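Positions are given from 1 along the sequence. Note that the structure is a prediction, hence the values are computed from the model and not measured.
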Amino acid sequence: MAEAADIQGTCPSPARRWLLRTGALLAGAPLLAGLFQLPTAPTADAVGRTSAKAASDSRTVAVALDSLSPAVPTDGDTLTVSGTVTNNGKETITDAQVDLSVGPELTARSDIDTAAKNTGYVPGADGTEVGGDYTQEFSKLTPGVSERFSISVPVDELDLGDDGVYQFGVSLTGETAAQPWGRVLGFQRTFLPWQPHEAEPRTKTTFLWPLISTARVTAETGSNEQQTPVFLNDDLAEEIAPGGRLAQMLALGKNLDVTWVIDPDLLASVDAMTRGYEVQDGDDTRPGRQQAVAKQWLAELQKAVADKEVVALPFADPDLASLAHNGTDVTGSLSQYKAATDVAALTVESILHVKPSTDFAWPVDGAVDPSIVKVATSAGADRVIARSDSLQETSGLSYTPSAARPIGGGTTAVVADARLSRAFEGDLTKASAGTLAVQRFLAQSLALNLQTGKQRSIVVAPQRMPTASQARAMAEAVTALQGGTWTETQELTTAAEAKPDPEATTKVPSASSYPRALRKQELPREAFEQIARTQAKLDDFKVILTFPSRVVTPFGRAINREMSTSWHGRPAEARSYRDGVEGYLKDLTEQVKLIQKSETKLSGRSATIPVSVQNNLVQGVDHLVLRLTSTSPTRLEIGGKAYYEQPVTVSGGHSQSVKFTTSANANGRVAVVAQLFTQDGKPYGEAVQFDVKVTEITATVMLVIGGGVLLLVLAGFRMYTQRKRAAARETEAEGQDRADAAADADQPADMPENPDDPGERPGEESATRAGAGDPEQPSDPTPDTAAESADPSGTGERVDR
């Protein structure tokens, strides 16, 4: 037990120590002498084992440091440390006590990194306990139970020395039934920046405050005059609503002296929401209802940036690395980046009413190589925001140089400090994690200032889309920094124009040095090929529209969003968005089409054939040409040749029939193809093919019909002559009758016996003879033509001459 107590740092009584030492001497002085001659290595190993054991024990209790105020103490301040201790072991801890300790001064930035990586208590390295009244005791800590602590101590009691960064620890000591001696069972390490007096010189510090979100607006718009935009979802409304990520970024940033870095797409999206918007809901859409939230957020942002520096990224924040590595060989990709840059300033200025700087390009994580720099500057930006873990120092400088570096071609790399920029990554939802991040950031900032007597310009470029908890930690750190004594605020433009350190590295790393992890998250070449394909379809479509801006603007911005950095590491979502844009454009182009035709019957040598063009768009179409082509011009000509073209203009929501003159040279079916073309000769839409059935009257048929007519004429002439002869005979008979009647008057004996019998009445005999002598009435002659088909005519169209 005594040995165990010694190892664990407890102190036995003086009498006990005397007895132990006397017994050891009497038992064997030679052995004791031999022990004094042992090498020092075993002693070091023993210390190492002791330290390891202590570190292991110190993980039994989790010590969470929730707040340390003030974060940057000065003379006369009282430091308040609050948090919780949680027993993660299986045994109850008794005689527990929370203590504060001040460790040694850390003179190098790398020392801070090393100390931050250590987990657990390291005897001797974690300084001495403050002790006295500045502790908090717990009679016991039950397994799984957390207890809060809060200790306030005057800074003068910490016995801090020269200006610098000190390691600061919070420990919990106690004992268990299995090991009934006091030892450190929990430990949390942080840092205490100590600069009570004004530093000379101060470090000029630029902190970027990014307002960037994920691309959410689709290419689809309503058919109304306002062209109501359609959003993928309503997540942006949640981000700008009170308590949302972007709402907190705005609320925190407006009280800070920072440089706002804004994606114009975010502004355009929120601005669109203020006038009404739709949200995709399956295959349909539903009205968005957060107009008031959008108006409030924009109004507050306008106030926040009124007198601050604003840097506008290209529209939708294009992924420069993906473009440089996978897109430059695809025709038109660089043009898309240029278009995104051109529209940026106008978007920000029209919505926020401030003139932004558009001179900066910001690759993902500030990682650069020659191709990224080339693409970044291709649209006019001559300043590239890089990071020091990419553009690393190779000249052996003992201090961190200023951010500005001339890298050739009139381009300046603004190199953000990697340690400061990455201080707020990771999960900071717990207050303890945020506190540790803030203290480490401040420690690194002070250590940087103390490196040299030269004044430098330092840039901090945090992650593009901080979470709400990360933003809170960032704001806390910037607030402490601005209230400190070793830095002063500087705008990004001023930092880029600062005199560069002549010894700082200016060589851009090679492509092989680009991080593999980032390269795996880039948009593939197929993405840029799809973007180029969509742009080509848009170019063909816009030339036929009477109001092309209604289509070009929403689709142009959607194509910019297809290249957004927000798709980094999200290949499935990126592909889905691109497919949606391309598919919707295809749907629109198909609203202008030819109406399908069935078989057309052509009776005669010449006729007109109508072809209908349908326009289901809201706006009219023009600059289209309809071409009708005969597949057999020797049998059927159109406009006197194999094909004929006519211009087409169709109002929105209407159809237009275009008529073509045709001439037939032979009977039978001929396939005809109708195709729309743009005025520059590119086919538009699907062709329509239909058959024309020619039923022309031939010379033989005409001869047969002519013969039939001749027969009819001859028959009529014959009937006429016959009737004329009959009439003559009747006249002659009537004359004879009158003569006979006169003779009978002279011979009464010849009168008939029955005076009532008139005998043969006048004209009766002639009539009988005439009837007997009339020719038979001929029927209509049957034409010498082929019999009409008994088959049904079908659904074909008949075009009359």
TODO: Measure the CD-CD distance between Q290 and Q296 for me, rounded to the nearest 0.5 Å.
DONE: 11.0 Å
Open item on the list: Listing request: all side chain to side chain donor-acceptor pair (under 3.5 Å) pairs with a residue in residues 577-588, at least two apart in sequence or in separate chains.
Closed with: Q530-R578, Q530-D579, Q530-E582, R533-E582, K537-E582, R575-D579, K586-E590
Open item on the list: Could you check whether any side-chain heavy atom of W260 comes within less than 4.5 Å of a side-chain heavy atom of P356, counting everything from C-beta outward?
Closed with: no
TODO: Would you check, one step at a time, whether the test side chain to side chain contact (heavy atoms under 4.5 Å, CB included) holds for L267 with D271?
DONE: CA-CA 6 Å; L267 300 182; D271 184 59; 5.9 Å; no
Open item on the list: To the closest 0.5 Å, what do you measure between NZ (K308) and CG (D257)?
Closed with: 6.0 Å
- [ ] Return yes if some donor-acceptor pair links the side-chain N/O of T505 with the main-chain N/O of T394 below 3.5 Å, else return no.
- [x] yes
TODO: Go through N326 and L523 one step at a time and tell me if the side chain to side chain contact (heavy atoms under 4.5 Å, CB included) criterion holds.
DONE: CA-CA 7 Å; N326 304 317; L523 295 172; 5.6 Å; no
TODO: List the atom of L211, the atom of L266, and the distance in Å for their closest heavy-atom pair.
DONE: O-CD2, 3.6 Å
- [ ] Could you give me the CA-CA distance, side-chain angles and deciding distance for L448 and Q451, then say whether side chain to side chain contact (heavy atoms under 4.5 Å, CB included) is met?
- [x] CA-CA 5 Å; L448 185 152; Q451 287 176 332; 4.1 Å; yes
Task: Donor-acceptor side-chain pairing of T259 and E309 below 3.5 angstrom - done: yes
Task: Value rounded to 0.5 Å, distance of CD1 in I559 from CZ in R561 - done: 11.0 Å
Open item on the list: To the closest 0.5 Å, what do you measure between OG (S512) and CG (D369)?
Closed with: 9.0 Å
Task: Distance-only polar pair, side chains of S357 and R383, donor-acceptor under 3.5 Å - done: no
TODO: Classify the side-chain pair T205/T203 by whether it contains a donor and acceptor separated by less than 3.5 Å.
DONE: no
Task: Atom pair CG (L585) and CZ (F541), whose distance is rounded to the nearest 0.5 Å - done: 7.0 Å
TODO: Would you name the heavy atoms of P210 and Q463 that are closest together and state the gap between them?
DONE: CG-O, 3.6 Å
- [ ] Test side chain to side chain contact (heavy atoms under 4.5 Å, CB included) on S564 and D265 and set out the steps.
- [x] CA-CA 10 Å; S564 175; D265 179 33; over 6 Å; no
- [ ] First locate atom OG1 of T489, then atom CZ of R202, and finally report the distance between them rounded to the nearest 0.5 Å.
- [x] 9.5 Å
Task: Salt bridge flag under 4.0 Å for residues D113 and R109 - done: no
TODO: Provide the closest heavy-atom pair for Y514 versus R519 in the form atom of the first, atom of the second, distance.
DONE: CB-NH2, 3.7 Å
